[in-house]
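By convention in this document, chain letters (A, B, ...) are assigned in the order of the sequence lines, proteins followed by strands, and residues within each chain are numbered from 1.
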There are 2 protein chains.
Amino acid sequence: MQLRRGDVLDGAMAILDEYGLGDLTMRKLATSLGVQPGALYWHFPNKQTLLGAMADRILDGVAAPPTAPTWDGALSELAHRFRAALLAHRDGAELVAATYASRLTTARVREAFVAAGLRARLSRAHAELAGYALLHYVLGHTVDEQSRLQLAELGALTRRPVSPDVSTETAAGSDDDLLDGDPAVRFDFGLTLFVDGIRTRLHTGGATSPGPNVTPVQSN
Amino acid sequence: MQLRRGDVLDGAMAILDEYGLGDLTMRKLATSLGVQPGALYWHFPNKQTLLGAMADRILDGVAAPPTAPTWDGALSELAHRFRAALLAHRDGAELVAATYASRLTTARVREAFVAAGLRARLSRAHAELAGYALLHYVLGHTVDEQSRLQLAELGALTRRPVSPDVSTETAAGSDDDLLDGDPAVRFDFGLTLFVDGIRTRLHTGGATSPGPNVTPVQSN
DNA sequence: ACCTGAACACCGTTCAAGT
DNA sequence: ACCTGAACACCGTTCAAGT
């Protein structure tokens, strides 16, 4: 039974889900597949490429056409789908963020955002920029959400070993409870700011910096 | 002449600026300081802590009170200061993002955002969430901006070895020119979406989530 | 075509022992 | 108090040679 490229990918995803990105090494992956480390390099030229393929798999389907009838609904649907895909695998957000520079992966997701922006009758240029901004927001939020989640799980097991590498505690302490609140609420709030910002852009006709392409239209 | 904690930090920043985060190893740092690798562990318990200290240094001063007279001016000033600080060092954004989970670093910056939100007369809860969202946006944007910049520099030297780890080219290709446009413009656009979103929030009085909060209002 | 064996050139971290 | 010497337990990647 020969090793196929897909088997390597499956094995890598399994290690990711069970042990996390930090424990995903080529050597451990090889061992789990019952093969020598060098064998992997016949299927993938290097680790970075393998990680890219994993990111692609994680984001598979995220960019499918949204079903929501309104542009803002579509935008929200895509953003939620994106976040859910990242959260569906251990360190999923971190992996996608790390592999993001060599995208192709995220390009399709951004294009889906752009399409929704065009539906709102944003100019192509503005839709591009909005998609870009939205992508960054969702990714940034979710990386943070997931890392807090995993810190919390770790803390729940070992009783307050929080921030083991920091001597002085965060000076804040007062309002942390809010950040410990439902991450979905935090996510939605930021999303709403974006959507409302886009709506404003439509009504004012783009009064601000990025050029004078106007055409005001209501949001339908 | 004994090694001080500050000397280690200085040496680390020097390596970062000259060779990048990937080449910043404890062993190289030790060599550059004329010392054995083990010596570093008297000053810093581990590499992660050292990276955290570097992030703190990079962000030093970013959270200082903004001088702008209006809340939106203050928000914009802080965001620009944040971005500038990240761009001031090679891989600065990546470092801060990587070290972000064990923050304290970014906590102060977020608090500055929150203060500006309060000046806008957002509720404390909303100001917190807005600060949080803004932080993620700026960080996400700047990590991307900086990584593209460095890819471009690399490409300029070696004639089109772009995306060396990817076989099929990105399907897009059509509108890439926009993303190659002035990053400052892209940054400002996303920022404007946020600020306009906050303004909307003020005028509607906080009817949350993507509900039916329409009330078209012109922007100040 | 696909994999093994074995090496190369590294890592971060620890810790007895020195001064 | 601060550092050396030397090791431990790893990495990703390469490549002749096997089948």
* salt_bridge(A/Asp10, A/Arg57) N-O dist < 4.0 Å -> yes
* To do: Before accepting this row, confirm whether a basic side-chain N of the pair A/Arg83/A/Glu145 lies closer than 4.0 Å to the acidic partner's carboxylate O.
  => yes
Counting distance only, does the side-chain N/O of [X] pair as donor-acceptor with the main-chain N or O of [Y] below 3.5 Å?
| X | Y | result |
| --- | --- | --- |
| A/His43 | A/Leu3 | yes |
| A/Thr192 | A/Asp188 | yes |
| A/Tyr137 | A/Phe187 | yes |
| A/Asp7 | A/Arg4 | yes |
| A/Thr142 | A/Val138 | yes |
| A/His80 | A/Ser76 | yes |

* Structure fact -> Applying the Watson-Crick and G-U criteria (both distances under 3.5 angstrom) with [ ] for crossing and | for other-strand pairs, one obtains for DNA chain D ||.|||||...|||||.||
* Asked: Using a heavy-atom cut-off of 4.0 Å to chain A, what are the terminal contacting nucleotides of DNA chain C, in 5' to 3' order?
  -> C/dA1 to C/dA7
* Asked: Which residue, B/Arg27 or A/Arg27, contacts DNA chain C at a nucleotide closer to its 5' end, judged by nearest heavy atom?
  -> A/Arg27
* Considering only the C1' atoms, how many Å lie between C/dA9 and D/dC10, rounded to the nearest integer? -> 13 Å
* To do: Map A/Tyr41 and B/Gln2 onto DNA chain D by nearest heavy atom, then report which one ends up closer to the 5' terminus.
  => B/Gln2
